[in-house]
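Here it is: the structure, laid out below.
None of the values given here were measured: they were computed from a predicted structure. Each residue takes its place number in the sequence, starting with 1.
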Amino acid sequence: MIAAIVKFELKDEVKKQLADIEVAKKHINDVVEGCRKIPGLKEKYFIMDPKTLAQGAMLIWEKQEDFNAYLKSEEFKTTVLDICEGKPRIEVYIHTANLTDGVLI
């Protein structure tokens, strides 16, 4: 399995919108629902810097090809590229273990 960490700063206009906690909750809920339909995505942990509202996630994928397809998808465009300032920072790792399943390699 593959673990990917994606982090990005929000565009100013998006920061203003997401500063309203109810708007932020709805946005995150919509993204969660969309992510449930992405082929090969096993888990996604969402993170947000409380001071800057910068966004990020750690994603667990079945295989590298699934992640590569996601990076070209409409879902990635609308949930990351359209709202981030500049380019997102992406790091990819082999997912070696977790608390539920133990060692995976």
Side-chain angles (χ1 to χ4, degrees):
M1 283 196 276
I2 299 298
I5 299 172
V6 178
K7 297 187 283 186
F8 57 92
E9 301 295 328
L10 292 171
K11 292 179 180 175
D12 287 340
E13 63 267 20
V14 177
K15 279 185 195 178
K16 289 176 187 170
Q17 294 169 1
L18 295 183
D20 178 332
I21 193 68
E22 293 306 316
V23 172
K25 283 181 182 179
K26 181 182 181 329
H27 168 75
I28 294 168
N29 185 66
D30 292 346
V31 174
V32 167
E33 291 306 313
C35 287
R36 289 187 169 138
K37 301 171 189 167
I38 297 173
L41 181 59
K42 303 295 286 174
E43 185 60 81
K44 183 172 182 178
Y45 299 93
F46 295 81
I47 57 174
M48 181 176 68
D49 183 313
K51 293 178 185 167
T52 67
L53 302 181
Q55 304 288 302
M58 188 178 92
L59 305 96
I60 304 296
W61 296 91
E62 277 291 328
K63 55 190 181 232
Q64 182 70 47
E65 295 80 12
D66 294 328
F67 180 57
N68 294 345
Y70 168 70
L71 293 176
K72 297 174 185 172
S73 72
E74 186 64 23
E75 186 77 21
F76 183 69
K77 180 184 179 303
T78 59
T79 61
V80 177
L81 297 178
D82 286 352
I83 67 171
C84 78
E85 186 67 44
K87 292 184 179 183
R89 295 175 303 285
I90 299 173
E91 301 172 16
V92 179
Y93 303 90
I94 295 172
H95 181 206
T96 59
N98 63 45
L99 296 178
T100 304
D101 303 314
V103 176
L104 300 169
I105 56 172

**Shared hydrophobic cluster for F76 and I83 (ILVMFWY, side-chain gaps under 4.5 Å)** = yes
**Request:** Check whether any side-chain heavy atom of I90 sits under 4.5 Å from a side-chain heavy atom of L71, and report yes or no.
**Result:** yes
**Message:** Between L81 and L10, is there shared hydrophobic-cluster membership here, with clusters defined by ILVMFWY side-chain heavy atoms closer than 4.5 Å?
**Reply:** yes
**Item:** Cluster check I47, V80: I/L/V/M/F/W/Y, side chain < 4.5 angstrom
**Value:** no
**Message:** So that I can tick it off, tell me whether E33 and R36 are bridged by a salt bridge, with the cut-off set at under 4.0 angstrom between side-chain N and carboxylate O.
**Reply:** yes
**Over all atoms of both residues, closest heavy-atom pair of H95 and L104** = CE1-CD1, 3.4 Å
**Message:** Just so I know, are the side chains of Y45 and E43 near enough to count as touching, which here means a heavy-atom distance under 4.5 Å?
**Reply:** yes
**Message:** Any heavy-atom pair between the side chains of Q64 and V92 that's under 4.5 Å?
**Reply:** yes
**Asked** Side chains of Y70 and L41: closer than 4.5 Å at any heavy-atom pair?
**Response** no
**Prompt:** Of all heavy-atom pairs between T79 and F8, which one has the smallest distance, and what is that distance?
**Reply:** O-CZ, 4.0 Å
**Side-chain (K15) to main-chain (E9) donor-acceptor, under 3.5 angstrom** = no
**Item:** Side chain proximity check, D30 to K26, heavy atoms < 4.5 angstrom
**Value:** yes
**Message:** Count I, L, V, M, F, W, Y as connected when their side-chain heavy atoms are under 4.5 Å apart, and connections chain through other members. Are M48 and I5 then in the same cluster?
**Reply:** no
**Item:** Verify same cluster id: L59, Y93 (apolar side-chain graph, 4.5 Å)
**Value:** no
**Asked** In Å, rounded to the nearest 0.5 Å, how long is the span from CD of E74 to CG of D82?
**Response** 7.5 Å
**Request:** Starting at CD of Q55, measure out to NZ of K7 and round the result to the nearest 0.5 Å.
**Result:** 13.0 Å
**Asked** Heavy atoms, side chains only, cut-off 4.5 Å: are W61 and N68 in contact?
**Response** no
**Message:** When you measure from the side chain of H27 to the backbone of N29, do you find a donor-acceptor pair of N or O atoms at a distance under 3.5 Å?
**Reply:** no
**Message:** Are there over 12 heavy-atom neighbours, none belonging to K63, within less than 6.0 Å of that residue's NZ?
**Reply:** no
**Message:** Would you say that I38 contacts K44 through its side chain, given a criterion of any heavy-atom pair below 4.5 Å between the two side chains?
**Reply:** no
**Item:** Minimum heavy-atom distance A3-I60, with the two atoms named
**Value:** CB-CD1, 3.8 Å
**Over all atoms of both residues, closest heavy-atom pair of C84 and P88** = SG-CD, 3.9 Å
